[in-house]
Every structure is written in structure tokens, then in C-alpha cells.
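None of these values were measured; they are calculated from a predicted model.
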Amino acid sequence: MVKVKKLIKLSAAVSAIILLLGGSWWYRQANFLRKVNVQKNEIPTLFIPGYMGNRFSFGGMIFRLNHYGLGTKAMVVHVSEKGRVTFAQKASLKSKNPLIQVLFENNRNEKLEAVQLSKVLTKLKQKYNIPKVNLVGHSSGGNIVYNYLISKDAKDSRTPQVSKFVNIATTFPGLRKSGKKLDSELSILNIAGNIWNWKTDGGIPLNKDLSLGMIVKPYVKRYQAKVIDGSPLTAYHSMLHENGEVDRDVAEFLFKENGYKQ
């Protein structure tokens, strides 16, 4: 009985510490968003997860942007393995800064997902008459977006024009000469992680992430890069889309009239 009581007390202490640390972390992340002011527009932003991505990949960021009034969770798009697209609308696409979560059933094939993304965008324009979109990709989700952006489909009148692209923690090997295929009106924000100045986010070397600038700078309207310095809790590869600082930078880049400013 004494051992059981000690175990209960230990469990309670550990739980209290976890709650305290978790609460402190959440408060710190939320602080980045509390004073952010953005303009309203009706350009939907699509969030594209990376390898084996699911609803949790960008679910937190979408929740926080919605919770703090910076955007509106408007839709979830499901793409089946065979490419069937279904829309689950949550709010009007005329709402403030509509946010759209895209989920691929076949989530391990970025080239196929780029083709399926084209299908999603075509259907969005056909069904909802959407002329422009923004795209946000994390890890290989950035590759999915980029592969779409340099494809012929991105310039097809049946798809919306991509206004802004946010890339988070991605490399683009073998695509050095591909920038000339991009829309000259495209604006890009590239976000990279740097854990304790180790020049890596734990998965992507910093220099390889930032090499996107060499690929796209001469060909697009605007290119900016932001390095997130911090511990593994904030700058690790899979924690970047849970970081309040990243939320803020994404919101300001997408929804402020003059965009993100360093």
C-alpha cells in the first residue's frame, strides 16, 4: 500500500511538471500571435503536408491561425489514393483569409501528389471560381508544391494563379535551373530551422534549405528567407510547424499588405 501511494505521488508530480512545461511552452508560442494584425482577403491558402503527412501535420497551425482571428479554417480537401478529390467545407470561402487543409491518402509519393495537387486546384477553380491561391508546404510538402509550380499545369488558365508560396524545411536537389519555369509574379518565403547554431534542423542542413534562394531569386517577384534559431523544441524539423514564431511569419507574409518584414 505504501509503494502504491508513493507511485501515485510520483505520477502526480510528473504530470504536474509536464502540464507546467506544456503550459509554459504553449503560452510562449501564443505570445507570437496575440498582437499580430493582418488584413482580410479572400485568397485561400492551401497547406500541403510532407512525407506521410496527415491532419496533425498542419492541424495545429491552422487551429492557431483560426483561434487568433488571423485566418478562417474553411475547408478540408481529401485526395484518395486513386486521385478522387472531395471537399469538406467548414466555413465560407469568402471568410477572412480562408485556410484549406489538403490531405493525400497516398502520402509517400511527392511527384504523384504534385499531379494530384493540380487536380485539387483545377476543381477549386471550377467549383468555387477561385482565381488565386497561396500554398504552404512543409518538408516534402514543399517539394510537392514546387514540382507543381514548375509544371505546365501551374500556367494553365484552368488552375488558379499561385500568388504566394511558403516553404518550410525543404531542399530541392537537382533543380538548379528550374527557377525559370516559375511565375514571375510569385512571392516566396523560405523558412529554415537552426538548432543551437548547429546549422541544421536535425533533418535538413541549413545551407541546403537556404539554397532555394539561388534557384528562384532571379525569376520571382520576391524571395525572402527566415532562419528559426532555437532548441529542438522550436527549431527541430518537425517542430517548425508547431512554432508560434513560424505561425506569425507565415501569417504576416500571407495576409499583411506589405508581407513579412525581417
Side-chain angles (χ1 to χ4, degrees), residues 43-66 71-93 95 97-130 132-156 158-162 164-175 178 191 201 203-204 236-242 246-247 250 254:
I43 299 176
T45 298
L46 281 68
F47 293 81
I48 314 300
Y51 186 77
M52 295 185 68
N54 54 42
R55 64 190 180 93
F56 297 109
S57 301
F58 271 119
M61 181 181 288
I62 293 171
F63 171 82
R64 292 186 296 274
L65 295 177
N66 182 85
T72 305
K73 183 176 181 178
M75 182 178 287
V76 179
V77 180
H78 294 271
V79 184
S80 73
E81 192 164 356
K82 293 184 179 180
R84 183 171 178 269
V85 178
T86 56
F87 300 101
Q89 192 162 349
K90 308 294 183 181
S92 170
L93 290 173
S95 301
N97 305 329
L99 312 174
I100 298 177
Q101 186 173 29
V102 181
L103 302 174
F104 299 96
E105 187 175 340
N106 187 338
N107 55 12
R108 305 182 186 188
N109 186 336
E110 61 193 46
K111 290 187 177 180
L112 173 63
E113 289 168 89
V115 174
Q116 292 177 339
L117 175 60
S118 174
K119 191 172 182 180
V120 169
L121 292 170
T122 301
K123 286 186 174 293
L124 276 174
K125 188 167 187 179
Q126 287 175 347
K127 189 171 182 178
Y128 299 98
N129 196 31
I130 293 171
K132 290 185 178 183
V133 295
N134 303 316
L135 299 174
V136 179
H138 171 260
S139 194
S140 64
N143 297 112
I144 294 166
V145 172
Y146 192 83
N147 285 336
Y148 167 74
L149 290 173
I150 61 175
S151 72
K152 293 179 180 179
D153 290 352
K155 298 171 183 64
D156 195 307
R158 290 172 293 183
T159 60
Q161 180 185 22
V162 179
K164 296 179 179 181
F165 166 37
V166 178
N167 176 66
I168 304 172
T170 314
T171 65
F172 301 89
L175 294 173
S178 63
I191 297 175
D201 66 8
I204 303 292
Y236 178 65
H237 184 74
S238 297
M239 291 301 293
L240 287 167
H241 53 54
E242 305 305 324
V246 174
D247 292 345
V250 169
L254 294 177

Visitor: Side chain to side chain contact (heavy atoms under 4.5 Å, CB included) for Phe47 and Leu65? Distances and angles first, verdict last.
Guide: CA-CA 12 Å; Phe47 293 81; Leu65 295 177; 4.2 Å; yes
Visitor: To the closest 0.5 Å, what do you measure between NZ (Lys90) and CD1 (Ile62)?
Guide: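 Those atoms lie 11.5 Å apart.
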Visitor: Identify the two heavy atoms, one from Ile144 and one from Pro49, that lie closest to each other, and give their separation to 0.1 Å.
Guide: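 Minimum heavy-atom contact is CD1-O, 3.9 Å.
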Visitor: Can you measure from OG (Ser151) to NZ (Lys111) and round to the nearest 0.5 angstrom?
Guide: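 Separation between the atoms: 13.0 Å.
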Visitor: Answer yes if the side chains of Tyr146 and Thr170 hold a donor-acceptor pair under 3.5 Å, and no otherwise.
Guide: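 On atom types as modelled, these side chains do not qualify, holding no pair under 3.5 Å.
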Visitor: List the steps and the verdict of side chain to side chain contact (heavy atoms under 4.5 Å, CB included) for Thr45 and Val166.
Guide: CA-CA 10 Å; Thr45 298; Val166 178; over 6 Å; no
Visitor: For Leu254 and Lys164, which heavy atoms make the closest approach, and how far apart are they?
Guide: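 Here Leu254 and Lys164 meet closest at O-NZ, 3.4 Å.
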Visitor: Mind listing the closest non-hydrogen atom pair of Ala91 and Thr72 along with its distance?
Guide: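 Heavy atoms of Ala91 and Thr72 come nearest at CB-CG2, 3.8 Å.
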Visitor: List, one per line, each side-chain donor-acceptor pair under 3.5 Å for residues 74-86, sequence neighbours excluded.
Guide:
{"residue": "Ser80", "atom": "OG", "partner": "Lys82", "partner atom": "N", "Å": "3.4"}
{"residue": "Ser80", "atom": "OG", "partner": "Gly83", "partner atom": "N", "Å": "3.3"}
{"residue": "Ser80", "atom": "OG", "partner": "Arg84", "partner atom": "N", "Å": "2.9"}

Visitor: Ignoring hydrogens, what is the shortest heavy-atom contact between His241 and Asp247? Give both atom names and the distance.
Guide: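 In terms of heavy atoms, the two residues are closest at O-OD1, 4.3 Å.
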Visitor: Answer yes or no: is there a side-chain heavy-atom contact under 4.5 Å between Leu46 and Leu121?
Guide: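 Heavy-atom side-chain distance check passes, below 4.5 Å.
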Visitor: Apply side chain to side chain contact (heavy atoms under 4.5 Å, CB included) to residues Asp153 and Thr122 and explain how you reach the verdict.
Guide: CA-CA 9 Å; Asp153 290 352; Thr122 301; over 6 Å; no
Visitor: Please report the interatomic distance CD(Gln89) to CD1(Ile100), rounded to the nearest 0.5 Å.
Guide: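 Rounded to the nearest 0.5 Å, the CD-CD1 separation comes to 8.5 Å.
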Visitor: I'd like to know if the side chain of Glu242 and the backbone of Gly60 have a donor-acceptor N/O pair within less than 3.5 Å.
Guide: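 Answer holds: no.
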Visitor: Please find the pair of heavy atoms, one from Phe104 and one from Gln116, that lie closest to each other, and give the distance.
Guide: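 In this case the closest contact between Phe104 and Gln116 is CD2-OE1, 3.4 Å.
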Visitor: Mind checking whether Tyr128 and Phe87 have parallel, tilted or perpendicular rings, split at 30° and 60°?
Guide: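 Tyr128 and Phe87: perpendicular rings.
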Visitor: Could you check whether the rings of His237 and His138 sit parallel, tilted or perpendicular, using 30° and 60° as the cut-offs?
Guide: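 Tilted.
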Visitor: Please round to the nearest 0.5 Å and tell me the distance separating atom OG of Ser57 and atom CG of Leu103.
Guide: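 Result: 8.0 Å between the selected atoms.
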Visitor: Do Asn143 side-chain atoms and Thr171 backbone N/O form a donor-acceptor pair below 3.5 Å?
Guide: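 Checked: pair present.
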Visitor: Applying side chain to side chain contact (heavy atoms under 4.5 Å, CB included), run through Leu135 and Tyr148 and close with a yes or a no.
Guide: CA-CA 10 Å; Leu135 299 174; Tyr148 167 74; 4.3 Å; yes
Visitor: Which heavy atom in Val145 sits nearest to a heavy atom in Leu117, and how many Å separate them?
Guide: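 Distance-wise, the nearest heavy atoms are CA-CD2, 4.3 Å.
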Visitor: Which value, rounded to the nearest 0.5 Å, describes the distance between Phe165 atom CZ and Asn134 atom CG?
Guide: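 Between Phe165 CZ and Asn134 CG, I get 11.5 Å after rounding to 0.5 Å.
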Visitor: Has Asn66 got a side-chain atom pairing as donor or acceptor with Lys73's backbone, closer than 3.5 angstrom?
Guide: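 Yes; at least one donor-acceptor contact below 3.5 Å.
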Visitor: Return the CD1 to OG distance between Ile168 and Ser238, rounded to the nearest 0.5 Å.
Guide: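 Between atom CD1 of Ile168 and atom OG of Ser238 there are 11.5 Å.
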Visitor: Measure from the side-chain N and O atoms of Asp156 to the backbone N and O of Thr159, and report whether any donor-acceptor pair falls under 3.5 Å.
Guide: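 It does not hold such a pair.
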Visitor: With a 4.5 Å limit on heavy-atom distance, are the side chains of Phe172 and Asn167 in contact?
Guide: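 Answer yes - side chains close enough.
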